[in-house]
There are 2 protein chains.
Amino acid sequence: MTSSRIPEEIHDRCSHCIGREHSICRAIEDCDLAILASESSKMTVPNGRSFIEEGSPAHDFFVVTGGRVKIFTLLPDGRRQITGFAEGGDFLGLAASKSYAFGAEALGTAVLCRFPHASMQRLTDRFPNLEHRLRQEASRELTLMQARMTLLGRKTARERLATFLMERIKLLGPMCQGTPHQIELDLPMSRTDIADYLGLTIETVSRVLSAFKREGLIGIRGITHITIMQPERVSAIAEGLE
Amino acid sequence: MTSSRIPEEIHDRCSHCIGREHSICRAIEDCDLAILASESSKMTVPNGRSFIEEGSPAHDFFVVTGGRVKIFTLLPDGRRQITGFAEGGDFLGLAASKSYAFGAEALGTAVLCRFPHASMQRLTDRFPNLEHRLRQEASRELTLMQARMTLLGRKTARERLATFLMERIKLLGPMCQGTPHQIELDLPMSRTDIADYLGLTIETVSRVLSAFKREGLIGIRGITHITIMQPERVSAIAEGLE
DNA sequence: CCCCAGACTTGATCCAGGTCAAGGTGAGGT
DNA sequence: ACCTCACCTTGACCTGGATCAAGTCTGGGG
């Protein structure tokens with residue numbers, strides 16, 4: 001009994017994981033989940049703790065299996081650009097060759113699944129389909145980044161905030177997007193994080209959100225809770241149409 | 001004789017190609033080059049001609065085998081963000097799922113090698129190593145993009161131009177980087193392109209370059225020909241250190 | 001050789017967003 | 001309940017880069 005206990009647990013770790021449905025792990029068949037589990041390890045990161053240091057040697061890939069994470073790069077004088085937020089199912093670590101091109105830190109308590117490069121190598125050797133999934137993941141990320149570059153290079157502060165809100169709405173999943181009016185949003189990140197994500201200052205973020213509220217586009221209750229009152233108009237602003 | 005003539009030519013197309021050394025094609029053995037050639041086709045694009053329409057269905061991948069290409073996204077009102085310049089050996093088309101997330105247009109006469117998705121699928125099925133190369137290519141691109149997002153979100157105009165110049169120097173290859181002083185650069189793109197790449201206006205690009213010249217950092221002869229007089233200081237500016 | 005069109009530079013002015021400086025506000029501790 | 005600290009909002013002012021408006025250079029055609 002004891003001898004079969006541990007593998008059973010390991011198998012369970014993967015089969016119940018959010019990554020099973022949404023992440024690269026779905027490239028692997030149920031019957032092979034034990035192998036997947038044996039090549040990876042679970043990791044809990046407390047709020048605010050950095051777990052990838054920009055420029056440090058890249059040893060691991062990660063899948064976010066719980067909570068949220070922010071990805072960023074720094075300039076020597078401390079200016080920060082958040083290049084993305086990652087959450088359940090997101091894959092981390094593609095933007096690296098010998099060393100990581102970015103830093104990462106938990107936004108709230110985050111749970112991660114860590115895959116050492118050597119493990120991933122063994123997995124891709126054994127499951128060729130996984131390599132294809134990694135490419136898909138990279139493509140998705142590239143597509144997002146292209147849109148973000150346009151945001152950072154060419155959009156006004158209003159357009160950036162509107163785009164950001166629409167992005168958060170899309171993350172809620174397709175079921176919430178058709179909602180006739182009023183969409184409830186929870187922003188888990190601070191104003192500082194939003195500012196560093198959008199290439200603005202915290203004051204500008206605050207002012208633009210207040211302006212949106214004054215114009216009846218959104219409602220703000222508490223700091224994190226936002227109601228989108230007029231999704232259509234917010235969307236139009238995001239695209240630069242008003 | 002005739003029956004062997006065509007394969008021979010096809011084989012030659014790939015073996016002499018710049019992509020053979022630098023691009024994804026090096027994932028394929030010499031003896032299989034005929035297969036590679038038979039799945040792809042050469043394509044010449046005249047100056048300024050667009051060959052990928054943003055949002056159009058994505059049917060092909062491309063390798064740039066000659067000349068240069070610019071990649072961009074547009075906002076509905078015509079604002080443009082150039083997200084990258086591609087040249088010899090660069091791979092194009094990863095930032096796409098069903099449709100392209102970007103447009104592309106020749107910068108000068110460009111020569112491309114086109115791989116329909118179905119062909120690429122057959123190639124990756126047959127040469128698993130190729131899928132790995134594609135992921136590497138995507139990783140490289142992601143790394144570059146992360147740096148560009150920091151540039152667009154957080155750097156000043158001077159820092160952007162300095163970063164741009166350093167980027168062009170790195171493209172010359174490692175041999176030119178150790179040069180004690182004075183590096184010759186040719187900028188093949190217009191000021192408008194530089195502006196759209198750096199998230200600035202053409203006037204600001206012009207002014208900053210003039211300022212660099214006035215300060216003795218660079219020399220400008222003709223429009224395209226630039227001499228970097230003080231690479232160290234330009235590099236320092238690029239990193240935000242002065 | 002000169003003309004012309006398109007691309008670049010330069011100058012004057014403006015304004016979106018940054019900076020600096022007070023206030024609010026709310027979650028956690030006592 | 002009240003304090004407190006960290007975070008957020010708001011206001012006043014400033015400035016880097018955009019915008020608007022002339023010039024100027026360059027290279028290709030007649």
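Throughout, a chain's letter reflects where its sequence line sits, starting with A, and its residues are numbered from 1. It should be emphasised that the depicted structure is a prediction, and the values quoted were computed from it without experimental measurement. Reckoned from all heavy atoms, side chains included, excluding hydrogens, waters and symmetry mates.
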Heavy-atom pair of closest approach, residues A:Leu142 and B:Met145 | CD2-SD, 4.1 Å
Just wondering, do A:Lys42 and A:Val111 contact through their side chains at under 4.5 Å, heavy atoms?
-> yes
Is the distance between the ring centroids of A:Phe85 and A:Tyr197 under 6.0 Å?
-> yes
With a 6.0 Å cut-off on ring centres, are B:Phe102 and B:Phe72 close enough?
-> no
Are A:Asp193 and A:Arg80 within salt-bridge range, i.e. N to O under 4.0 Å?
-> yes
NZ/NE/NH1/NH2 to OD/OE distance under 4.0 Å, B:Arg158 and B:Glu239 = no
Could you check how far [atom1] of [X] sits from [atom2] of [N], rounded to whole Å?
X: B:Leu107; N: C:dA7; atom1: CG; atom2: P; answer: 13 Å
X: A:Arg79; N: D:dG16; atom1: CZ; atom2: C1'; answer: 13 Å
X: B:Asp196; N: D:dA18; atom1: CG; atom2: P; answer: 11 Å
X: B:Leu187; N: C:dC8; atom1: CG; atom2: P; answer: 11 Å
X: A:Leu200; N: D:dT9; atom1: CG; atom2: P; answer: 14 Å

Any residue meeting salt bridge (Lys or Arg N to Asp or Glu O under 4.0 Å) with A:Arg49, in chain and number order, not counting sequence neighbours = none
Look at A:Thr201 and C:dG17 and indicate whether a side-chain polar atom (N or O) is within less than 4.0 Å of OP1 or OP2.
-> no
Residues, nucleotides or ligands: over 12 heavy atoms within 6.0 Å of B:Glu53 CD = no
Strand contacts (DNA chain D) in residues 202-229 of chain B, 4.0 angstrom heavy-atom criterion | B:Glu203, B:Thr204, B:Arg207
Residues in residues 153-166 of chain B with a heavy atom under 4.0 Å of DNA chain C, by number, are none
